[in-house]
Amino acid sequence: MKVRVVQLAHGQGLPLPAYQTSGAAGMDLLAAIDVAHPITLAPGARALVPTGLTIELPQGYEAQVRPRSGLALKNGVTVLNSPGTVDSDYRGEVGVILANLGQAPFDIRRGDRIAQMVIAAVLQATLVEVKTISNTARGDGGFGSTGKTIAKQKATLRKSRDKKKAIPPLAAAPKKSGSSKARTRNR
Ligand SMILES: O=c1ccn([C@H]2C[C@H](O)[C@@H](COP(=O)(O)OP(=O)(O)OP(=O)(O)O)O2)c(=O)[nH]1
């Protein structure tokens, strides 16, 4: 598909974002900042970095602004609101909210590849208000209900019981009968 793009004055001269390989999902976004004024992101700091681009997404699509794994791994630099959402009706400049979660200051210079943009299809749903929704095996179990944390707490509980010691409280676990099977399977 084609997406119309305007390179703004401060983006002129920078290459347009492009897929680096035939199978790439994202195209790198470049920092369209003044060559004479690099940005230094102190540890813990964040900044809205301009890309110099406005885009015209067709209705039914979004652009996601995502971190680059290399920057994240090497420097602790990420997209704070990841994935950033560019709506199809947005006509302003695409910006990247970069955050430095690393321990060293991070320099951003003009043309640096700071993030990547993934174009994706979206569905708009119509919410229909009802009184009840259907039951499932999971029920309201979530936020780690099937993971190690619960298993670990249960093991501690068993140990405490064996030793007849004080029993630590379990993390709040849903008690719905419909969801007990699912949790038993994951013990
Ligand atoms: O990483 C991002 C996130 C958002 N935007 C732009 C495009 C998007 O369409 C618009 C609004 O974004 P969002 O809906 O996330 O922001 P909001 O805080 O809800 O603001 P608004 O009230 O303007 O929707 O800002 C970006 O350029 N980059």
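Indexing begins at 1, ligand by ligand and atom by atom, following the structure's order.
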>> Does Asp34 form a salt bridge (charged side-chain N to carboxylate O under 4.0 Å, His left out) with Arg110? I'd like the steps, not just the answer.
In response: CA-CA 6 Å; Asp34 191 338; Arg110 181 173 179 80; over 6 Å; no
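Through ILVMFWY side-chain contacts below 4.5 Å, Leu101 is grouped with nothing and stands alone. With side-chain heavy atoms closer than 4.5 Å counting as contact, directly or through intermediates, the hydrophobic cluster containing Leu80 also holds Leu48, Ile97.
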Tabulated below should be the N or O atoms of ligand 1 paired with protein N or O atoms at under 3.5 Å; can you produce that?
unit_1   : atom_1 : unit_2 : atom_2 : d
ligand 1 : 1 (O)  : Asn81  : ND2    : 3.1
ligand 1 : 9 (O)  : Asp87  : N      : 3.0
ligand 1 : 9 (O)  : Asp87  : OD2    : 2.5
ligand 1 : 27 (O) : Gly95  : N      : 2.9
ligand 1 : 28 (N) : Gly95  : O      : 2.8

Under 3.5 Å donor-acceptor pairs involving side-chain atoms of residues 3-15, not counting sequence neighbours:
unit_1 : atom_1 : unit_2 : atom_2 : d
Arg4   : NE     : Glu56  : OE1    : 3.3
Gln7   : NE2    : Gly11  : O      : 3.1
Gln7   : NE2    : Leu14  : O      : 2.8
His10  : NE2    : Glu93  : OE1    : 3.3
His10  : NE2    : Glu93  : OE2    : 2.8
Gln12  : NE2    : Gln7   : O      : 3.0

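Look at Asp107 and Arg109 and you find a salt bridge, because one of the NZ, NE, NH1 or NH2 atoms lies within 4.0 Å of a carboxylate O, short of that distance.
The hydrophobic cluster containing Tyr61 also contains Leu16, counting ILVMFWY residues as joined when their side-chain heavy atoms lie under 4.5 angstrom apart, directly or transitively.
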